[in-house]
*Asks:* 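Take this structure, written in structure tokens, and hold onto it; I'll ask about it next.
From a predicted model like this one, the values you see are computed outputs, not experimental measurements.
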Amino acid sequence: MTRAFLLASLTLLGGCISLLPEPPPPPALYVLEAQGVQPLPGAPIDAVVAVAEPTGERAILGADLIWRTGDSIAYVGQTQWSSRASEALQQTLLETLLRQGRFRSAARAGEAQAEYQIRWEVLDFEVREETMTARFVADVRLVARGRQILAQRIVSAEAPVAGRSSALAANALARAAREGSARIGEFAAEAAASAGR
């Protein structure tokens, strides 16, 4: 009888004790995509432009959102992009170019023959603590066939971050990336139009 009581007690107690810690909640996922793109004025450019995947620091081009304080960076806790930032930024720029409508077409580098290619390095894609702004900065080159650089420009865009929540940080970063993509599209169209004259 005592033995049965001890076994029953241990079984009940065993149901309450866990040797493994509870897993953390899954991260909140945010989408980075083109939105609200306006057509660019100007004559159509009868050319295809290819968009290379951006290069840059692994930390800022991964799935995590970056918060910078001075010279240190941290990941925004329990928050990620729905895909790697490098892929999302490439897709955002590609969609922006298509919607701006200056080029005949736009494609990812390697998918189609193109007269021009956009090669870019993302220098900043982070929230800055000191100014509470989301910053997007890229070194952009428009390259013609034969790898000739036709034009190069540092493109930047900022968006205010209204508070310290991950949702506000993600929203501001997405707005900065969209504005940066629009400016890259304008730069590429201007440079291609000048080269075609």
Side-chain angles (χ1 to χ4, degrees), residues 18 20-38 51-97 99-100 106 108-109 117-143 149 151-188 190-191:
S18 174
L20 299 174
E22 290 292 318
L29 296 179
Y30 294 95
V31 176
L32 177 58
E33 61 188 4
Q35 291 180 4
V37 179
Q38 300 298 316
V51 178
E53 187 170 325
T55 60
E57 289 183 32
R58 183 184 52 180
I60 63 176
L61 292 179
D64 296 297
L65 281 69
I66 302 297
W67 192 282
R68 182 172 179 158
T69 305
D71 289 332
S72 68
I73 61 171
Y75 297 126
V76 177
Q78 295 300 311
T79 306
Q80 291 185 334
W81 296 115
S82 59
S83 63
R84 289 178 51 241
S86 59
E87 296 166 358
L89 289 168
Q90 181 187 30
Q91 183 62 32
T92 299
L93 179 54
L94 182 62
E95 288 180 29
T96 299
L97 289 163
R99 293 178 185 181
Q100 285 177 334
R108 283 184 185 82
Q117 184 179 75
I118 294 174
R119 295 186 185 171
W120 49 322
E121 179 181 3
V122 176
L123 306 174
D124 273 336
F125 187 46
E126 61 201 11
V127 173
R128 296 262 176 136
E129 171 85 28
E130 294 83 5
T131 57
M132 287 301 285
T133 56
R135 281 179 48 86
F136 170 86
V137 181
D139 177 8
V140 184
R141 295 169 301 282
L142 185 69
V143 180
I149 296 176
Q152 183 170 7
R153 182 179 295 171
I154 300 290
V155 174
S156 62
E158 292 186 352
V161 181
R164 297 185 61 86
S165 82
S166 60
L168 293 172
N171 181 273
L173 283 166
R175 283 184 286 130
R178 288 181 197 121
E179 180 61 31
S181 293
R183 292 178 183 176
I184 291 171
E186 291 171 17
F187 157 71
E190 290 168 8

*Asks:* Test your reading of the model: is there a side-chain donor-acceptor pair from Thr79 to the backbone of Gly77, 3.5 Å cut-off?
*Replies:* yes
*Asks:* Tell me, do Arg164 and Met132 make a side-chain contact under 4.5 Å, heavy atoms counted?
*Replies:* yes
*Asks:* Go through the steps for Ile66 and Val127 under the test side-chain contact (heavy atoms from CB on, under 4.5 Å), then give the verdict.
*Replies:* CA-CA 6 Å; Ile66 302 297; Val127 173; over 6 Å; no
*Asks:* Quick one: are Ser83 and Gln91 in side-chain contact, heavy atoms under 4.5 Å?
*Replies:* no
*Asks:* Does Gln100 form a side-chain contact (heavy atoms from CB on, under 4.5 Å) with Val37? I'd like the steps, not just the answer.
*Replies:* CA-CA 7 Å; Gln100 285 177 334; Val37 179; 3.7 Å; yes
*Asks:* For residues Ala169 and Leu65, report the shortest heavy-atom separation together with the two atoms involved.
*Replies:* C-CD2, 4.4 Å
*Asks:* Return the CD to OG1 distance between Glu33 and Thr96, rounded to the nearest 0.5 Å.
*Replies:* 10.5 Å
*Asks:* Evaluate Glu186 against Arg183 for salt bridge (charged side-chain N to carboxylate O under 4.0 Å, His left out), listing each step before the verdict.
*Replies:* CA-CA 5 Å; Glu186 291 171 17; Arg183 292 178 183 176; over 6 Å; no
*Asks:* Check whether any side-chain heavy atom of Phe136 sits under 4.5 Å from a side-chain heavy atom of Asp124, and report yes or no.
*Replies:* no
*Asks:* Determine, stepwise, if the pair Leu123 / Ile60 fulfils side-chain contact (heavy atoms from CB on, under 4.5 Å).
*Replies:* CA-CA 9 Å; Leu123 306 174; Ile60 63 176; over 6 Å; no
*Asks:* For the residue pair Trp81 and Asp64, establish whether any side-chain heavy-atom pair is separated by less than 4.5 Å.
*Replies:* no
*Asks:* Side chains of Glu129 and Trp67: do they bring a donor and an acceptor to under 3.5 Å?
*Replies:* yes
*Asks:* Identify the two heavy atoms, one from Leu32 and one from Ala177, that lie closest to each other, and give their separation to 0.1 Å.
*Replies:* CD1-CB, 3.9 Å
*Asks:* Could you tell me the separation between the CG atom of Leu97 and the OG1 atom of Thr92, rounded to the nearest 0.5 Å?
*Replies:* 11.0 Å
*Asks:* When you compare the side chain of Trp120 with that of Ile184, does any pair of heavy atoms fall below 4.5 Å?
*Replies:* yes
*Asks:* Would you compute the distance between atom CG of Leu93 and atom OG of Ser181 and round it to the nearest 0.5 angstrom?
*Replies:* 5.0 Å
*Asks:* Would you name the heavy atoms of Arg128 and Arg135 that are closest together and state the gap between them?
*Replies:* CG-CD, 3.7 Å
*Asks:* With rounding to the nearest 0.5 Å, note down the distance linking CG in Asn171 to OG in Ser166.
*Replies:* 11.0 Å
*Asks:* Does some side-chain heavy atom of Glu57 sit less than 4.5 Å from a side-chain heavy atom of Glu121?
*Replies:* no
*Asks:* Heavy atoms only: give me the nearest Ile73-Glu126 pair and the separation to one decimal.
*Replies:* CG2-OE1, 4.4 Å
*Asks:* After noting the C-alpha distance and the side-chain angles of Leu89 and Phe125, does the key distance pass the side-chain contact (heavy atoms from CB on, under 4.5 Å) rule?
*Replies:* CA-CA 10 Å; Leu89 289 168; Phe125 187 46; 4.2 Å; yes
*Asks:* Run the salt bridge (charged side-chain N to carboxylate O under 4.0 Å, His left out) test on Glu95 and Arg99 for me, step by step, so that the C-alpha distance in whole Å, both residues' side-chain angles and the decisive distance to 0.1 Å come before the verdict.
*Replies:* CA-CA 6 Å; Glu95 288 180 29; Arg99 293 178 185 181; 3.6 Å; yes
*Asks:* Using only atom types and a distance under 3.5 Å, with no angle test, would you say the side chain of Thr69 pairs donor to acceptor with the backbone of Ser72?
*Replies:* no
*Asks:* Any chance the side chains of Glu53 and Ser86 put a donor and an acceptor closer than 3.5 Å?
*Replies:* yes
*Asks:* Is it true that a side-chain atom of Arg153 and a backbone atom of Ala138 form a donor plus acceptor pair closer than 3.5 Å?
*Replies:* no
*Asks:* Side chains of Gln152 and Asp139: does their closest heavy-atom pair fall under 4.5 Å?
*Replies:* yes
*Asks:* A side-chain contact here means heavy atoms from C-beta on lying under 4.5 Å apart; do Thr55 and Val122 qualify?
*Replies:* no
*Asks:* For Gln90 and Ala109, work out which heavy atoms get closest and say how close.
*Replies:* NE2-N, 4.5 Å
*Asks:* How long is the span from the CZ atom in Arg84 to the CZ atom in Arg58, to the nearest 0.5 Å?
*Replies:* 11.0 Å
*Asks:* Where do Val137 and Ser156 come nearest, in terms of heavy atoms and distance?
*Replies:* CG2-CB, 3.8 Å
